[in-house]
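These notes are about the structure you will find just below.
What you see is a predicted model, and the numbers here were worked out from it, not measured in a lab. Heavy-atom basis, side chains included; hydrogens, waters and symmetry copies ignored.
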Amino acid sequence: MITDSVTRAGTHESHTEGVRRPGRWLALAVLVLAVLLVAVDATVLGLATPFLSEDLKPSGSQLLWIGDVYSFVIAGLLVSMGSLGDRIGRKKLLLVGAVAFGAVSVLNAYATSPEMMIAARALLGVAGATLMPSTLALIRNLFHDPRERSLAIGIWGAMASAGAAVGPVVGGFLLEHFWWGSVFLINLPVMAVLVLIGVKLIPESKNPNPGPWDLPSVGFSLIGMIGVVYAIKEVASHGPTLDVAVATLVGLGGLTWFVRRQLTLPTPLLDMRLFRNRGFSAAVLADLLTILGLSGLVFFLSQFFQLVQGRQPLEAGFAELPAAIGAVTAGLIAGHVARRFTVRSVVAGGLAAIGLALAALTAIGQSTGYPLLGASLLVVGVGAGFAFTVTADVILSSVPKEQAGAASAVSETAYELGAALGIALLGSIVTGVYRGFATPAGIPADTAAAAHDSLGGAVEASAGLAPAQAGALVSAAQEAFVDGLRIAAGVGAVVLLATAVAAWFLLKGQKLADGVEH
């Protein structure tokens, strides 16, 4: 899908269009592995949260930052790193990023304080941002046959949308056998395979005339993205404050200057004129909110399964597996279904499915049986697989061939920002409701303060109390967490269903290219 015609100038593309590169499917497996790993790392901490809380003792706010700073940094840097790959070579950026990702994973695994963990997660986000933008561009260079390329993109989309749901299973297995840092050390062998195979089988591609890499634009995009998302998270958790006002102004200012600068640069990092295309803009919005619903749900159900229903980490991970199964299955057939029916019916239907599944979770309780939870996760996975894969295709096919590189960065930015916002917005609702629970009588003030920080903190703090007091404290905390989860699910349902209606109208007449010639 990603256009590399600029890298094979002139008529070379026409001579190679029918060539089937040896080892292309193994190379695809490596690229998909990179996408999957970056997506897994966005949610793998969901299961590790109770163990990490016990060891590092973060506050509620620090815990949210540990969970979402990774995705914030990736979202802020994706466009910049995609542009850098155009200049130095996408294969080179991918391999350098893989080495950095492995090295920083060690720092995450052995973090000794909440502050160190937040910094390490941020650095992991920088490394992750170097991996994502290169993958679709390299797939375009690997597969010259339109039919093969369509399948390759379907596999990529399936893995990208399933990654958020695979994280809990991987994390659950590791936490059953090792300490919480092992969820990061698993990155090392995966990245080693990526580098060793990638060096031999992945072809290099880059833009021979990309223009300079604009550092002020990089800074504006990063500051703007993090500032705005931080403000959203803080206002939902603590209400309007001076910090929120400052962060909002800084964030909006950064994004405003980023947009203005892109409109004046001869070779911008991101051509803002792409958003004039109605189909492109609608697909980006749908893309973002699809992943918001999926990642937010998976992140908080991980804690629900463990800390409310008392499941072991591996059991909790497998409990979330239906989301991954649904996403992979739907992603592989999404292109075929969208061509047989319509793009808008598949995207709107996928968004509506996620919204209805979230609506069903407004009936959740501490003792809710697995059939409702498993069915909801399956429906969310299927909806995300259809919507995310088709919107990624629409984003790339609705722009001119020479702009497909910039379009791919937008698609991946929407994915990562959606993951970050899912945790930040829905998480802030859960946290805000949770902190208001009434502490049972007789609980010491310091224990009560620790319990109000997070559910994991409440479970940990109760260990030093008499059994009756401990039971009362944990029960009150669990009830408050479930109350927050119900409200967050209701808000998510309204947002997704409204987006489904908007997508139905905005994507009218949008079609996928039969030849998949992007």
Side-chain angles (χ1 to χ4, degrees), residues 26 29-56 66-71 73-74 94-112 116-132 135 158-198 295 298-299 302-303 305-306 312-321 323-325 327-328 416 419 423:
L26 183 57
V30 172
L31 294 175
V32 166
L33 198 61
V35 173
L36 183 64
L37 197 62
V38 172
V40 162
D41 260 63
T43 57
V44 73
L45 267 188
L47 283 176
T49 294
F51 301 88
L52 188 148
S53 297
E54 181 180 347
D55 196 7
L56 302 183
I66 290 171
D68 58 32
V69 71
Y70 170 79
S71 292
V73 173
I74 287 184
L94 180 75
L95 297 181
V96 169
V99 173
F101 200 87
V104 178
S105 294
V106 177
L107 187 63
N108 279 262
Y110 292 100
T112 56
M116 181 178 175
M117 188 68 191
I118 292 169
R121 288 285 285 170
L123 288 174
L124 198 67
V126 175
T130 66
L131 299 176
M132 290 289 282
T135 54
M159 291 302 101
S161 56
V166 171
V169 178
V170 174
F173 175 79
L174 293 171
L175 291 167
E176 287 280 322
H177 299 89
F178 308 100
W179 101 112
W180 61 264
S182 61
V183 301
F184 297 106
L185 294 183
I186 191 64
N187 296 338
L188 296 177
V190 175
M191 287 301 167
V193 170
L194 192 159
V195 172
L196 291 174
I197 296 179
S295 63
V298 167
F299 184 80
S302 292
Q303 296 179 61
F305 282 133
Q306 284 184 94
Q312 293 301 309
L314 183 58
E315 183 187 0
F318 275 111
E320 296 189 0
L321 199 56
I325 294 171
V328 171
E416 289 302 329
I423 295 172

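Heavy-atom minimum distance, L131 versus G97: CD2-C, 3.6 Å. The two residues A111 and M117 come nearest to each other via the heavy atoms CB-SD, 3.6 Å. Between A98 and L194, the shortest heavy-atom distance links the atoms CB-CD2, 3.9 Å. The two atoms that bring G181 and A109 nearest to each other are O-CB, 3.3 Å, heavy atoms only.
Here the CG atom belonging to L95 is positioned 10.0 Å from the CG atom belonging to L196, to the nearest 0.5 angstrom. Separating the CG atom in D55 from the CH2 atom in W179 is a distance of 10.0 Å, to the nearest 0.5 Å. With rounding to the nearest 0.5 Å, the separation of CD1 in I118 from CG in L123 is 12.5 Å. Atom CE of M116 sits about 12.0 Å away from atom CD1 of I66, to the nearest 0.5 Å.
Counting only heavy atoms from C-beta outward, the side chains of W180 and L56 approach each other to under 4.5 Å. Between L185 and Y110, the closest side-chain pair of non-hydrogen atoms falls below 4.5 Å.
The one candidate from L107, V69, V104, V73 that meets the side chain to side chain contact (heavy atoms under 4.5 Å, CB included) condition with R121 is V69.
With S105 contributing its side chain and F101 its backbone, the two residues share a donor-acceptor pair below 3.5 Å.
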Starting from the C-alpha separation in whole Å, work towards a yes-or-no answer on side-chain contact (heavy atoms from CB on, under 4.5 Å) for T130 and V96.
CA-CA 8 Å; T130 66; V96 169; over 6 Å; no
